Every structure is written in structure tokens, then in C-alpha cells.
Amino acid sequence: MLTATLRNDGSSRFGPNNRWALFPSAAIAWKINEEDFMKGQQVFDDLKLRVGFGVTGNQDIGNFRYSQTYNVDRKSGTYFGQTVYPAYMITGIANPDLKWEQTAQWNLGIDFAFLSNKLKGSIELYSKKTTNLLLTIDAIQPAVSSTYLDNIGAMTNKGVEFTLNAALYSTSNFDWNANFNIAYNKNKITELYNDKDINYGAVSGSGASGNTQILRVGESIGTFYGLKFVGIRDGQEVFESDERTVIGNALPDYTLGLTNSFSYKEWDLSFVFRSQLGMDIYNNTRAELSQGNRLPGQNTNREGAEFYKSGGAGIVYPSSRWVENGSFLRLDNITLGYNFKVFPQVIKSARIYATAQNLFVITKYKGYDPEVNNDSGSKGINSIGIDYCSYPHARTFTFGVNVNF
């Protein structure tokens with residue numbers, strides 16, 4: 001089986017020199033179990049090999065970012081006939097060569113089924129390369145603006161995904177089905193403009209300054225960057241050295257999911273577990289509340305009270321002291337239902353159910369929720385994994401009735 005497409009897309013968001021770009025894709029699949037040499041086997045109910053390649057484009061940058069832009073300067077202007085005519089100032093630097101950010105992806109997959117299709121699954125390997133990254137960078141000064149948007153680099157994402165669906169048990173009255181998936185991804189920045197680091201992810205709170213994250217060739221998106229904390233001595237934070245270094249990463253190494261569904265006569269039960277492993281969180285809320293100079297008179301935590309008692313005052317931002325393990329296991333959803341029949345001539349089906357969402361989370365993270373993120377973006381880059389007074393996921397309970405006439 002073969003599928004191929006070729007798109008030629010244009011967008012007025014890019015400069016007049018690069019508004020159009022070609023985006024090809026192709027996929028080929030081989031149903032191995034239908035070949036003559038597989039007809040006698042009794043192991044596989046399905047066996048298919050897939051190979052694909054495609055290129056996609058990103059234009060999510062807003063309008064007029066390629067052009068020189070203006071704004072009203074109300075602080076200057078001139079009077080003419082008792083009328084004020086304000087002046088205009090240039091607020092954006094023109095970049096007529098701005099072009100599409102493109103992601104090219106290769107993938108290799110195998111689909112399989114065993115035991116009369118009771119056990120199905122797939123294994124997929126992929127490799128993505130994103131080029132012409134669209135990011136805001138510093139402009140060489142003097143200039144009318146401190147920053148401008150440009151195509152400044154490239155990055156890769158490589159990983160593997162595994163999915164398994166199983167009909168674990170089945171009788172005339174009882175069924176048990178399960179789905180499991182796990183994915184591993186490795187992100188790496190391979191190119192930046194002039195190989196220059198880009199700092200982003202601003203810290204928040206009283207006395208806070210600086211950034212917690214860095215884009216650097218050889219590292220991944222979401223890398224935390226700061227001083228390496230080793231302890232407190234005489235009311236002062238002590239660091240390994242005065243040099244900033246990589247102190248963690250907000251991207252998970254593994255993402256997992258498990259769904260189970262049961263049915264017994266008119267009853268049904270399902271629950272969904274989800275997990276992320278190998279991720280870090282910058283606990284900016286804890287950093288703020290742990291300042292010794294919040295006492296007396298302000299809210300603090302035990303860590304801040306102990307810091308105050310030891311003679312400590314303010315704290316230094318940012319450091320590995322506030323980077324925590326964010327791995328977690330969450331019960332996303334559990335639903336119990338009952339299907340009943342009443343007045344079958346009028347009501348075709350009826351079901352009563354109860355659902356609980358976000359029932360519990362198992363994690364070592366000291367904050368409220370390991371999946372919250374404060375938007376501490378800077379230079380047009382959104383932060384990842386920074387928690388500052390972020391509101392946690394709500395735990396909700398729902399009771400309902402479905403009736404079909």
C-alpha cells in the first residue's frame with residue numbers, strides 16, 4: 001500500500017521572499033501476513049510493516065512579524081490649528097526573509113495481532129528534525145527595537161512508542177479489556193544563531209531576578225540552568241561554584257498510560273492511569289516562601305522559618321535548590337455505570353453512572369501539582385515546568401443519567 005501527497009502552501013505571515021514552501025509526504029505499508037509464505041502460519045492474525053516520511057510547516061507566529069511596524073508616540077508630536085498631531089515610532093524590525101519553520105519526520109512501525117485478535121499492538125520508531133526554528137532574538141544595537149523574529153536554528157526529536165490492546169478475559173457475562181502505552185522521547189537542539197545561548201523562563205517573586213532555563217546547542221528544550229546548591233552555612237546559601245550550569249530538565253523521559261475496562265451483566269467499570277517519568281520542576285513558589293526576610297509579618301513555610309532562624313535573609317535565584325523530581329502517577333478517571341431497561345416500548349436504553357476525575361496523584365514533588373506551569377515566557381519562548389502560584393488540577397465528581405428514546 002502506498003500513499004503520497006505534495007502540498008504547496010503559502011502564508012502572508014512570512015516575508016515576500018519566502019511565503020511559499022513545498023511539503024511532501026509518503027507512506028508505504030506491507031501486509032506481511034497476507035503473503036504466500038505466511039499463509040500456513042498460525043501465530044499472527046495481523047502483521048504489517050509501515051514506513052513513512054513527511055514534512056509539515058509552522059506559521060503560528062502572529063501577523064506582520066516580518067514587516068517593519070509602527071505605533072503612535074503620544075509623548076511627541078506637533079500642534080497645528082489647535083489640533084495635536086502625534087508622532088509615529090518604529091516598533092518592529094523588518095525581516096523580509098522570514099520563512100516557514102519546517103519539521104521533517106521519518107517513522108518505522110510494526111502492527112501485530114495474536115490469539116485470534118485478542119492481543120493487538122504496535123511498535124513505532126520515529127525521528128523528527130525541525131529546521132528554521134522561529135524564535136525572537138536580540139537585535140544588534142543601536143536599533144529601533146531590542147528584539148526581532150528570525151529563523152535561528154534546528155532541533156531533533158527521536159523516540160519510540162509502544163501500544164498494546166488486550167482482551168484479557170471474556171465470558172457470557174463478564175469482559176475485561178486493557179490498553180497500555182509507553183513512549184520515550186529525546187529532544188536535542190542542534191543549531192542556534194551563531195551558536196549563542198538563549199536564556200528564558202523568568203523567575204518570579206520578591207527580589208527574584210534572572211532566568212531559569214536555557215536554549216543551548218547539545219541540550220534539550222526545557223533545560224534548567226543555574227547555580228548548583230550544596231547547602232546552607234551560617235545563614236547563607238552555599239553553591240558548588242559561581243558558574244551557572246545545567247541543573248535539570250522539564251521534559252519527561254517516559255510517558256505511560258494504562259486503561260482498564262470491565263463489564264459484568266448490566267454493570268461497567270473503567271479507570272485510566274497516566275504517568276510521566278524523568279521530569280524536573282522548578283518550584284518557584286517554594287523558593288518565594290522560603291525566603292528568611294518574609295519573617296516576621298508574612299506567610300512562609302517551615303523551610304523559610306528555619307532559614308530565618310539560622311540568620312538567613314533573601315535567597316539567590318535561580319539554583320538547583322528549587323529543582324525537584326516531578327515524576328508522577330495519576331488516576332485520571334474512574335467511572336462506574338449501570339445499564340437498565342424500563343418501559344422498553346418507550347425507552348431504548350438507560351444508564352446511570354458516577355465518575356471521579358483526578359482522584360489521586362502519587363509524586364515526590366513538594367508543590368500542589370506536578371503538571372502545572374506558570375507562563376514565565378520571555379523573548380517569545382514559553383517556559384516549561386516552572387511552578388509559581390499555579391492552580392492545581394481540580395478533583396471533580398460527576399453523577400449522571402443517560403436515556404435514549
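Predicted model only: the values in this text are computed from it and were never measured.
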For the residue pair [Y] / [X], report whether a side-chain donor-acceptor contact shorter than 3.5 Å exists.
X	Y	answer
N249	T223	yes
N179	N165	yes
W176	N260	yes
T156	N187	no
Q276	T255	no
T103	T56	no
N333	T355	no
T131	Q102	no
N173	T171	no

Tell me whether the centres of the aromatic rings in F44 and F114 are closer together than 6.0 Å.
->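 Ring centroids of F44 and F114 are less than 6.0 Å from each other.
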Do the ring centers of W100 and F23 come within less than 6.0 Å of each other?
->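 Distance test on ring centres: under 6.0 Å, yes.
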In Å and rounded to the nearest 0.5 Å, what is the [atom1] to [atom2] distance from [X] to [Y]?
X	Y	atom1	atom2	result
N151	L149	CG	CG	7.5 Å
F397	I334	CZ	CD1	10.5 Å
D280	I386	CG	CD1	12.5 Å

Carboxylate-amine/guanidinium proximity below 4.0 Å for [X] and [Y]:
X	Y	result
K309	E306	no
R330	D369	yes
E324	R286	yes

Quick one: sort the F271 and F273 rings into parallel, tilted or perpendicular, breaks at 30° and 60°.
->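 Plane angle over 60°, so perpendicular.
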Report yes or no: is the cationic atom of R19 (NZ for Lys, CZ for Arg) closer than 6.0 Å to the six-membered ring centre of Y66, at no more than 45° off its axis?
->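 Yes; both conditions hold, so R19 lies above the ring face of Y66.
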Determine whether a donor-acceptor pair (N or O, by modelled atom type, separation under 3.5 Å) exists between the side chain of [X] and the backbone of [Y].
X	Y	answer
E237	I232	no
N194	K196	no
Q213	N211	no
N18	D97	yes
N373	S383	yes
D45	N117	yes

Closest approach of R395 and F360, non-hydrogen atoms and distance?
->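 The answer is NH2-CA, 4.5 Å.
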Going by the side-chain contact (heavy atoms from CB on, under 4.5 Å) test, name the single residue among I315, N283, V230 that passes it with R321.
->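 When I315, N283, V230 are each tested with R321, the side-chain contact (heavy atoms from CB on, under 4.5 Å) holds only for I315.
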